[in-house]
Amino acid sequence: MLFNFYKFLLFFLNKKTLSYCKEIIFVEIIKYLKLNKFEIIKIRKLINLLIINKKKEIFIGHIDVVDSGYISWIKKNFFCVCYKKKIICRGIVDMKGGICSFLFLSKNKNFILTNDEENLSIYGTQYIVNVLIYRKTKYFLFYSCEPTSNNQVGDNIRISRRGSYNFNLIFMGKQKHCAYLGKNIINYSIQKLIKINKNIFYNDIFEINNIFSGNGVNNTTPNIFYVKINYRFFHYKSIILFKKKIFQSLKKNKNYFKWVFSGIPFICYKNFYLKLIFNSVNYIQNIFPKINFLGGTSDLRYCYYFYNNSNCFEIGLLNKTIHKINENSDFDNLYILYLIIKKFKNGIR
């Protein structure tokens, strides 16, 4: 059994699966798993694979991964490499490794594989959940294998997510020679951003993810300065006040800002399956999991928004190398996650 699991793992990880990857990837998965009943929903060049039966729980996963970047890896980034008892591959943590741990279970599967989580996240899970609602199908549990663990597999389980907003700020100034006194739009903008960052709410995260300006001339300051910010928040009140602070800080000058909403926060308070997954982790790992509220806004938020009285949780691999160069996981952790999910599914039956 362990050899078959390793064989399937190598098959799946060696596929390059960026967002909007080709349909052949799903076809190969179907052939490898020898699936007889399946459904492929294609919308605007995006492909989703559905294996739906009458069970009340459903697994949500995304096969797309983030790009590997320009920095070289130990070996080829989109191919599975075993190095010092670790499996190195882009996406093994988020979340192809977790999908492998789930798909290796019995043939009686119930899952959705999407291909849009790392991109716009419009035609993946969000679209498929609306399709299920239109068909009047009822599910009471949605779970996923996003990387939630810190030190041991299963030490953290997530039942909530923070909200997320993306801000594009444009600071306008005047170009000048560096040798003479005058207002430098870059210095002015950085001071404003530091002031805004000091006033954010406790546990919220203010991250500048891109800055660009000027034309590369050595002795000239630019007349325009672009900043991109991602803001993670727990409460609706905090994002309203944060937007007000930005507006008050920038409205007096010739500055422009635009925000793009990417997810509201949620907490699945009434979760009747938590005890079962806690017991499964304790049985396999002999530890008691904690509830984790961190991470981004994954696909499960759509299940919680659209399905009333649904239960949601995430359990997965260690998140230490997620989206990093040489993303990796111990093989033992993959098999432990498989055993935890298997114990949990047996309890549902």
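None of these values were measured; they are calculated from a predicted model.
Following chains of ILVMFWY side-chain contacts shorter than 4.5 Å, one can reach Ile194 starting from Phe225, so the two form part of one hydrophobic cluster. Criterion: ILVMFWY side-chain heavy atoms under 4.5 Å apart, direct or through other members. Under it, Val93 and Val66 are not part of a common hydrophobic cluster. Leu181 is not connected to Ile186 by any chain of hydrophobic side-chain contacts under 4.5 Å among Ile, Leu, Val, Met, Phe, Trp and Tyr, and they are in different clusters. Note on Ile205 and Ile229: separate hydrophobic clusters, where clusters join Ile, Leu, Val, Met, Phe, Trp and Tyr whose side-chain heavy atoms are under 4.5 Å apart, directly or indirectly. In the hydrophobic clustering of this structure, Phe12 groups with Phe38; members are Ile, Leu, Val, Met, Phe, Trp, Tyr whose side-chain heavy atoms approach within less than 4.5 Å, directly or through other members.
Ring-centre distance between Phe288 and Phe278: not below the 6.0 Å cut-off. Outside the 6.0 Å centre-distance limit, the rings of Tyr165 and Tyr231 are not counted as a close aromatic pair. For Phe59 and Tyr143, the gap between ring centers is short of 6.0 Å.
Comment: Arg135 engages Glu39 in a salt bridge, judged by a side-chain N to carboxylate O separation of less than 4.0 angstrom. Between Lys345 and Glu57 there is a salt bridge, since a side-chain N of the basic residue sits under 4.0 Å from a carboxylate O of the acidic one.
Between Val65 and Leu18 there is a side-chain heavy-atom pair separated by less than 4.5 Å. Put simply, the side chain of Ile196 reaches to within 4.5 Å of the side chain of Phe206, judged on heavy atoms. Side-chain contact check for Thr137 versus Ile52: every heavy-atom pair is 4.5 Å or farther apart. For the pair Ile170/Ile224, a side-chain contact is recorded, criterion being any heavy-atom separation below 4.5 Å from C-beta on. Side-chain contact check for Asn168 versus Tyr226: every heavy-atom pair is 4.5 Å or farther apart. Put simply, the side chain of Leu49 reaches to within 4.5 Å of the side chain of Ile30, judged on heavy atoms. Side chains of Gln152 and Ile287 form a contact here, defined as non-hydrogen atoms less than 4.5 Å apart. Taking the side chain as every heavy atom from C-beta outward, Glu146 and Glu117 approach each other to under 4.5 Å.
At least one donor-acceptor pair under 3.5 Å links the side chain of Asp155 to the backbone N or O of Asn150. Looking only at distances, no side-chain donor or acceptor of Ser213 sits under 3.5 Å from a matching main-chain atom of Pro222. In this structure a side-chain-to-backbone donor-acceptor pair under 3.5 Å is present from Thr17 to Ile63. Between the side chain of Asn333 and the backbone N or O of Val153 there is no donor-acceptor pair closer than 3.5 Å. Under a 3.5 Å cut-off, the side chain of Glu327 and the backbone N or O of Asp94 do form a donor-acceptor pair. Under a 3.5 Å cut-off, the side chain of Thr148 and the backbone N or O of Asn156 do form a donor-acceptor pair.
Within 6.0 Å of the NZ atom in Lys86, the count of heavy atoms belonging to other residues, nucleotides or ligands exceeds 12. The local environment of OH in Tyr134 is sparse, with at most 12 non-hydrogen atoms from other residues, nucleotides or ligands closer than 6.0 Å. Environment of CZ in Phe261: crowded, with over 12 heavy atoms of neighbouring residues, nucleotides or ligands closer than 6.0 Å.
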- Task: Tell me, with the steps shown, if Tyr302 and Ser121 meet side-chain hydrogen bond (donor to acceptor under 3.5 Å, both in side chains).
- Result: CA-CA 10 Å; Tyr302 303 117; Ser121 192; 3.2 Å; yes
- Message: Does Tyr273 form a ring-ring contact (aromatic ring centres under 6.0 Å, His included) with Phe313? I'd like the steps, not just the answer.
- Response: CA-CA 9 Å; Tyr273 293 91; Phe313 74 82; 7.7 Å; no
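For Leu46 against Asn115, the heavy-atom pair with the smallest separation is CD1-O, 3.0 Å. Closest non-hydrogen pair, Tyr304 versus Ile267, comes out as OH-O, 2.9 Å. The minimum heavy-atom distance between Ile87 and Cys82, with the atom names listed, is CG1-SG, 4.3 Å.
For the pair Lys183 and Tyr188, the cation-pi criterion (under 6.0 Å, within 45° of the ring axis) is fulfilled. Relative to the six-membered ring of Phe140, Lys56 misses at least one condition, a distance below 6.0 Å or an angle of at most 45° to the axis.
Under the 3.5 Å distance criterion, with hydrogens and angles disregarded, a donor-acceptor pair is assigned to the side chains of Arg232 and Asn230. In this structure, a donor-acceptor pair under 3.5 Å is absent between the side chains of Thr321 and Asn326. The closest side-chain donor-acceptor pair between Thr220 and Lys176, if any, does not fall under 3.5 angstrom.
In this pair, Phe331 and Tyr335 present their aromatic rings parallel. The plane angle is below 30°, not in the 30 to 60° band.
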